[in-house]
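Report on the structure given below.
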Amino acid sequence: MDLRYSESEEAFRAELRSWLADVLPTLPEKPSQLDWPARRTYDTTWQRMLHDAGYAGIDWPVEGGGRGASPVEQLIYLEELERAHAPYVGVNFVGLLHAGPTVIVEGTPEQRARFLPPILRGEEVWCQGFSEPGAGSDLASLRTRAVRDGDEYVVSGQKIWTSHAEVADFCELLVRTGPEDSRHRGITWLILPMDRPGIDFRPLRTIAGSTEFGELFLDAVRVPVANRVGDENDGWRVTMTTLSFERGTAFVGEVLQSMEFLRALRELARTTGAWGDAAVRRATGRLGAELDALWALARRNVSQAARTGVPGIGGSVYKLALSEIRQRIAELGMELGGSAAFVWDTLPEFAGAAGHGAPGCGGSEDGASTGQSVSNTEIVSTWVHSFSRTIAAGTSQIQRNIIAERILGLPKG
Ligand SMILES: Cc1cc2nc3c(=O)[nH]c(=O)nc-3n(C[C@H](O)[C@H](O)[C@H](O)COP(=O)(O)OP(=O)(O)OC[C@H]3O[C@@H](n4cnc5c(N)ncnc54)[C@H](O)[C@@H]3O)c2cc1C
């Protein structure tokens, strides 16, 4: 095993670093966290810039229109973007990180030609319509129904927690095409155009003040059969592919964001004098060591995805550990922030102030990408958002069930 970077990998890093240094200062002003149309414009402009420079779909295979970078190059890409405080993937999350990859693996050549290039160019944004009011952890109990009518499906039902639907062009949608009690055997994976008649989206406001998700009502919405990915009633298998991307590789860059946030907390502790407390040093050291281990796991997932085309079931271990450690880092931030961490508006006099702009505005949703200094707003925003981490993309309890049954081979509980 050679742990050094090859000459071509070093050249890739240098070229990317120099491109980032040139283009980041030309980016427009980050929009308000609450203005979704403006956030779409910002995120898709960045995506277009990546595309034009040849960096879009860094982990997508060349046949899918991506760069087909090696696992090492993918990791270098993430490291350099984080180091330069480049914008996060933002509203392009679903399209780039799990819907697009699913279409690459499971779609027809026509679907790949139609849907993949606009994702890479930042022209079309996707959302995910999996969860329903009565079907979250138990996704196989979903009830949104699709009935075939000639060349179309007629879809009626309700989805919930649909992130970014407000600004999405397409939705990866799970529907029931089998009998009501068919569970896993009667589900189909459809591409729903979001401009069809019969779609009503009602945003939900979170405690963080943002309408990042909402309810999606579907009343006799007509979807072309040509938009079906996989066979009718074979959608559960396709869904497993989607979830393996969502849990296995989509959140890989977030380990680096967490490392950056932890570094900023360490600086804050030094500034406030809290670093003199051995318990703070121990907690910081332990979290740092766990993040190092998680980064090793992330690298493993990326290599596996590059080797087999789809990340493995180990994605559940990664998702579980990442979402839980992010909560613990956020709690450490609240402790170190003291009374300033109860104030949402940025306090210029706060010991760790400066930060890198308002949270969620082109940085990660929780503003965790901060550089060496951190504002009180970033601390409180990271903490508030950290609660959703162990719920979104499947709760921690569900990941534990999957690990127990499918990795450790324990009997079903
Ligand atoms: C920020 C955020 C963004 C989201 N974005 C989207 C999106 O874009 N699209 C989408 O489709 N969904 C989205 N979701 C929804 C998410 O996938 C669901 O919230 C999640 O799957 C849990 O489902 P639920 O909320 O219905 O909770 P429930 O399934 O009702 O679970 C309630 C509690 O019971 C526990 N529980 C349930 N079943 C078991 C079991 N078998 N064993 C042990 N414990 C169990 C759960 O762990 C949880 O603690 C998002 C959620 C969040 C928080």
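Just so you know, ligand 1 is whichever comes first in the structure, and atom 1 is the first atom listed for that ligand. Only a predicted model underlies this, so the values are computations on that prediction, with no experimental measurement involved. Just so you know, these numbers use all the heavy atoms, side chains as well, and skip hydrogens, waters and symmetry mates.
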Checklist entry - What do you reckon, does Q397 have a nitrogen or oxygen under 3.5 Å from a nitrogen or oxygen of ligand 1? => result yes

Checklist entry - Under 4.5 Å between any side-chain heavy atoms of F115 and N227, yes or no? => result yes

Next on the checklist: Could you tell me if the side chain of H164 sits less than 4.5 Å from the side chain of W126, heavy atoms only?
Outcome noted: no

Checklist entry - Would you call the rings of F93 and H98 parallel, tilted or perpendicular, where under 30° means parallel and over 60° means perpendicular? => result perpendicular

Next on the checklist: Give me the nearest non-hydrogen protein atom to atom 27 (O) of ligand 1 as residue plus atom name, then the distance to 0.1 Å.
Outcome noted: S137 OG, 4.2 Å

Next on the checklist: Below 4.0 angstrom, counting only protein heavy atoms, does anything approach atom 30 (O) of ligand 1?
Outcome noted: no

Next on the checklist: Can a donor-acceptor pair be found, under 3.5 Å and without considering hydrogens, that links the side chain of T44 to the backbone of E123?
Outcome noted: no

Checklist entry - In the protein, what heavy atom is nearest to atom 9 (N) of ligand 1, and what distance, to one decimal place, separates them? => result Q128 O, 2.8 Å

Checklist entry - Between Y88 and Y42, does the ring centre distance come in under 6.0 Å? => result no

Checklist entry - Tell me, which protein residue and heavy-atom name are nearest atom 5 (N) of ligand 1, and how many Å apart are they? => result S163 OG, 2.8 Å

Checklist entry - Quick one: nearest non-hydrogen protein atom to atom 19 (O) of ligand 1, plus distance? => result I391 CG2, 3.4 Å

Checklist entry - How far is atom 6 (C) of ligand 1 from its nearest protein heavy atom, and which residue and atom is that? => result W161 O, 2.6 Å

Item to check | Positive for side-chain contact (heavy atoms from CB on, under 4.5 Å) with I187, one of L142, T177, T144 | outcome: L142

Next on the checklist: For atom 2 (C) of ligand 1, tell me which residue out of F93, W126, F213 has the closest non-hydrogen atom.
Outcome noted: F213

Next on the checklist: Please report whether ligand 1 has a polar contact with E132, defined as an N or O pair separated by less than 3.5 Å (distance criterion only).
Outcome noted: no

Checklist entry - Among all residues two or more places apart in sequence or in another chain, which pass the salt bridge (charged side-chain N to carboxylate O under 4.0 Å, His left out) test with R114? => result E124

Checklist outcome for this item: atom 42 (N) of ligand 1: closest protein heavy atom, distance to 0.1 Å, is N401 ND2, 3.0 Å

Item to check | Heavy-atom nearest neighbour in the protein, as seen from atom 39 (C) of ligand 1, with distance rounded to 0.1 Å | outcome: I398 CD1, 3.7 Å

Item to check | Protein non-hydrogen atom below 4.0 angstrom of atom 35 (C) of ligand 1 present | outcome: no

Checklist entry - At what distance is the nearest protein heavy atom to atom 46 (C) of ligand 1, and which residue and atom is it? => result T395 OG1, 3.6 Å

Item to check | salt bridge (Lys or Arg N to Asp or Glu O under 4.0 Å) pairs, two or more places apart, involving residues 85-112 | outcome: E106-R237

